[in-house]
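A, B, ... follow the sequence lines: proteins, then strands. Residue 1 opens every chain.
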There are 4 protein chains.
Amino acid sequence: MPRSPEANEKLRDESRSRILSASLRLFAELGYERATIKAIAAEAGISQGLIYAHFTSKAELLRAIFAQSMADVRASFAAAEAADAPSARIEGLLRASSEILRRNADFWRLSYSLRMQPGVLQELGSGLDDWTQSIVETLEGFLREVGAPDPAVDAELLFALIDGMSQHYVLDPDDFPLEACIERAVDFYRALPKRPKRRMPA
Amino acid sequence: MPRSPEANEKLRDESRSRILSASLRLFAELGYERATIKAIAAEAGISQGLIYAHFTSKAELLRAIFAQSMADVRASFAAAEAADAPSARIEGLLRASSEILRRNADFWRLSYSLRMQPGVLQELGSGLDDWTQSIVETLEGFLREVGAPDPAVDAELLFALIDGMSQHYVLDPDDFPLEACIERAVDFYRALPKRPKRRMPA
Amino acid sequence: MPRSPEANEKLRDESRSRILSASLRLFAELGYERATIKAIAAEAGISQGLIYAHFTSKAELLRAIFAQSMADVRASFAAAEAADAPSARIEGLLRASSEILRRNADFWRLSYSLRMQPGVLQELGSGLDDWTQSIVETLEGFLREVGAPDPAVDAELLFALIDGMSQHYVLDPDDFPLEACIERAVDFYRALPKRPKRRMPA
Amino acid sequence: MPRSPEANEKLRDESRSRILSASLRLFAELGYERATIKAIAAEAGISQGLIYAHFTSKAELLRAIFAQSMADVRASFAAAEAADAPSARIEGLLRASSEILRRNADFWRLSYSLRMQPGVLQELGSGLDDWTQSIVETLEGFLREVGAPDPAVDAELLFALIDGMSQHYVLDPDDFPLEACIERAVDFYRALPKRPKRRMPA
DNA sequence: AATGAATGAGCCTTCATTCAT
DNA sequence: GATGAATGAAGGCTCATTCAT
């Protein structure tokens with residue numbers, strides 16, 4: 001007598017999510033290339049073959065992880081955007097990143113490690129570029145609202161700042177003072193400087 | 001008939017530096033794992049075997065690149081530190097990074113791609129951690145000099161900012177407005193905000 | 001609640017024959033090695049596991065197909081043999097092959113593809129050799145009856161001819177003029193040449 | 001001091017031809033699928049990796065074998081065609097096949113085994129179909145010259161006969177009376193029957 | 001009788017590394 | 001110093017087969 005469809009689905013889902021979380025962990029810890037299918041299977045407590053019953057290839061597995069995590073992250077971002085009054089949006093966003101980071105540290109680690117590897121990146125297919133692009137645009141909108149003198153440049157700067165902090169946190173979560181840095185950044189953006197008159201810098 | 005010792009040494013040095021620059025280029029472009037010894041040899045215009053006459057392994061080649069480039073970078077930094085009056089040091093440093101980046105873009109690309117891959121990193125041996133540590137300390141000194149309220153945190157923040165900009169530049173040198181961002185950062189640090197009284201943030 | 005034994009048996013037979021015809025089709029189309037158990041199950045509309053409830057292995061499945069089809073073919077041959085007067089037996093056999101081929105094209109395709117792969121053949125176990133042997137002997141009998149000068153050689157020749165035509169037909173059923181060739185072969189055998197005196201050929 | 005270019009070429013050629021002949025042997029003996037790269041390497045007395053220094057893939061290796069052998073065979077055929085007076089061409093061709101077969105028995109075994117496996121065939125790329133096509137056309141020309149009533153059909157018949165004999169020989173070189181069969185076939189074609197008046201066959 | 005999740009051996013291929021010259 | 005042929009240890013992936021239900 002075959003297993004009931006529900007029992008089957010449960011088994012499958014269980015396997016799938018073990019694979020997914022094992023790979024996220026190992027991809028983040030070792031990097032995509034060094035995280036062996038063999039090692040992933042071991043970490044997930046299953047056989048190598050089973051991975052291919054769920055994902056057609058290692059690259060597919062990477063894509064699945066991204067799809068899953070990016071959906072999660074996107075939701076968090078959207079929540080942050082909607083929540084605040086215009087004047088507080090930047091503060092809101094900065095403070096939100098802290099939680100988003102903590103909740104998906106492994107994903108961010110992986111994502112940052114991939115960003116610098118064009119070879120692997122293209123196995124992932126596009127999506128990441130578009131995404132960062134859209135973040136910059138969002139930031140630019142916020143900064144325009146608060147009267148930044150050159151919102152395009154300020155957006156790049158703010159994004160660089162957030163990205164830099166995120167990476168430093170993710171690299172060393174125990175020692176990097178994430179919250180303190182964020183609060184300090186808030187100070188800076190509250191005192192948003194006007195662009196001064198200036199002679200051409202060399 | 002044997003070559004003269006000097007001619008030999010010159011040949012050797014020539015080979016060595018071809019290998020080094022070829023690997024730097026390929027490591028940066030493809031990532032450490034995907035840059036094949038075969039491809040490096042081809043790029044350098046020499047045989048695979050010769051690489052092992054100069055470096056005992058691929059990891060050791062990576063180490064050599066780091067040693068060479070870090071020396072170069074350290075020198076640039078030292079110059080920047082010494083050049084300015086205390087009050088202008090932060091500005092000086094920010095502006096200096098632009099040139100340091102442009103001169104060694106490949107090295108930075110590689111370095112950033114490695115930083116997130118502990119697996120590869122440990123083949124590199126320590127050194128990178130110590131180095132970033134020393135940078136943070138230098139920054140902290142600068143910030144203390146200009147009266148930052150919490151130099152330790154401000155140093156982390158400034159380092160994150162520089163690192164973020166550097167990465168964004170290195171990722172897309174043609175589109176990222178590096179100089180404009182740096183100048184804008186200078187604005188922020190000229191207007192260095194005091195830490196305001198504040199109720200505990202949630 | 002348990003099914004009645006008869007219903008069970010009917011189900012079982014149904015499954016078995018679906019499996020058999022699905023595998024014959026796929027073995028013929030893709031070759032034994034490339035026809036996956038998974039694909040066979042899909043083609044048969046059943047689960048992979050069920051195949052192993054009927055056959056202990058893929059090789060055993062192949063054996064079953066051969067047993068089934070060879071029985072079928074043997075019957076057709078016997079009918080052809082018995083039907084004609086001695087003088088017309090060769091013609092009868094030639095003409096009969098056409099129908100036998102058309103009826104079991106897939107089996108012949110498979111059979112021809114296997115014949116050249118000793119590796120697979122031995123998984124099949126003996127049987128095919130014996131069978132071709134018996135065909136040659138039958139032909140030899142026919143040819144002796146019609147006064148062939150060297151029935152043994154003529155039998156080999158005739159078998160080769162039939163086999164050659166069969167394969168060419170099976171390879172390209174739409175373009176190969178099977179019936180025309182058979183009729184032409186009949187011409188040749190009606191005019192069965194005497195063996196001429198001859199000097200040793202080099 | 002590097003090996004001389006000649007020494008290198010000799011080494012390479014030696015390896016290449018060991019690989020080529022080992023694969024031909026194993027492909028012919030076991031079939032393409034069952035002839036493992038591992039087994040081929042062992043048969044050739046070299047490492048698995050070396051095969052890929054000469055051929056980019058297993059399929060490529062197959063292609064190389066075909067290219068090599070087909071050139072050889074084509075030359076033999078051309079020689080046979082040119083050698084004889086029109087009236088003796090068919091005899092000449094029949095007798096030539098014997099030697100062509102004996103010289104490349106393994107290649108023919110392989111070639112016949114592949115012909116029935118569309119999957120593998122297409123990895124080989126086209127060429128085989130064109131080739132058989134051109135053979136049939138050549139035969140048709142010969143038969144027209146000697147006044148065959150329907151050269152197109154007669155060509156198919158003759159080709160089937162040759163192919164049938166070839167296969168039977170190649171399947172069992174020790175027992176199949178190749179020369180005797182060929183001589184007997186010559187008898188048949190010397191006595192080339194006219195097409196008789198005939199009522200429609202059933 | 002039947003299912004489909006799960007296994008594990010083995011395949012093709014890549015690549016850092018060695019070695020004879 | 002330099003070459004390039006050669007090796008061998010994985011790595012990703014497939015597939016016949018088993019097993020709990």
Closest heavy-atom contact between D:Ser113 and D:Gln117?
-> O-OE1, 3.1 Å

Looking only at heavy atoms, which two atoms of D:Ile65 and D:Leu24 are closest? And how far apart?
->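 Smallest heavy-atom distance, with atoms named: CD1-N, 3.5 Å.
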
Send over the distance from [X] [atom1] to [N] [atom2], rounded to a whole Å.
{"X": "A:Leu61", "N": "F:dG11", "atom1": "CG", "atom2": "C1'", "result": "15 Å"}
{"X": "A:Leu26", "N": "F:dG11", "atom1": "CG", "atom2": "P", "result": "13 Å"}
{"X": "B:Glu33", "N": "F:dA10", "atom1": "CD", "atom2": "P", "result": "15 Å"}
{"X": "C:Glu60", "N": "F:dA16", "atom1": "CD", "atom2": "P", "result": "16 Å"}
{"X": "A:Ile37", "N": "E:dA6", "atom1": "CD1", "atom2": "P", "result": "16 Å"}
{"X": "A:Glu6", "N": "E:dG4", "atom1": "CD", "atom2": "P", "result": "13 Å"}
{"X": "A:Leu62", "N": "F:dG12", "atom1": "CG", "atom2": "C1'", "result": "15 Å"}

Within the distance-only criterion (no hydrogens, no angle test), does the side chain of [X] pair as donor or acceptor with the backbone N or O of [Y] below 3.5 angstrom?
{"X": "D:Arg18", "Y": "D:Ala44", "answer": "yes"}
{"X": "B:Arg109", "Y": "B:Val170", "answer": "yes"}
{"X": "A:Thr36", "Y": "A:Ala39", "answer": "no"}
{"X": "A:Lys58", "Y": "A:Ala35", "answer": "yes"}

Quick check for you: among [options], whose closest atom lies nearest to any side-chain atom of [X]?
{"X": "D:Thr36", "options": "F:dA20, E:dC11, E:dT17", "answer": "E:dC11"}
{"X": "A:Lys58", "options": "E:dT13, E:dT17, F:dG12", "answer": "F:dG12"}
{"X": "A:Arg3", "options": "E:dA20, E:dG4, E:dT13", "answer": "E:dG4"}

Could you tell me which residues satisfy side-chain hydrogen bond (donor to acceptor under 3.5 Å, both in side chains) with C:Arg16, sequence neighbours excluded, listed by chain and number?
-> none

With sequence neighbours left out, what residues match B:Arg12 under side-chain hydrogen bond (donor to acceptor under 3.5 Å, both in side chains)?
-> none

Just checking, any donor-acceptor pair under 3.5 angstrom between side chains of A:Glu123 and A:Tyr32?
->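 On atom types as modelled, these side chains qualify, holding a pair under 3.5 Å.
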
With DNA chain E as reference, determine whether D:Pro2 or D:Thr56 sits nearer its 5' end, using the nearest nucleotide of each.
->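 Mapping each residue to its closest nucleotide by heavy atoms, the 5'-most match is D:Thr56.
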
If you draw a 6.0 Å radius around CD in D:Glu60, do more than 12 non-hydrogen atoms from other residues or ligands fall strictly inside?
->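 Enclosed.
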
Tell me, which of residues 44-55 of chain B have any heavy atom that sits under 4.0 Å from an atom in DNA chain E?
-> B:Gln48, B:Tyr52

Ring pair (Phe, Tyr, Trp, His ring centres under 6.0 Å) partners of C:Phe66, counting only residues at least two apart |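 For C:Phe66, the residues satisfying ring pair (Phe, Tyr, Trp, His ring centres under 6.0 Å) (neighbours in sequence not counted) are C:Phe107.
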
Runs of at least three Watson-Crick or G-U pairs with DNA chain F, cut-off 3.5 Å =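 Stems found: E:2-21 with F:2-21.
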
For DNA chain F, the residues among residues 7-25 of chain D that have a non-hydrogen atom under 4.0 Å from it = D:Asn8, D:Leu11, D:Arg12, D:Ser15

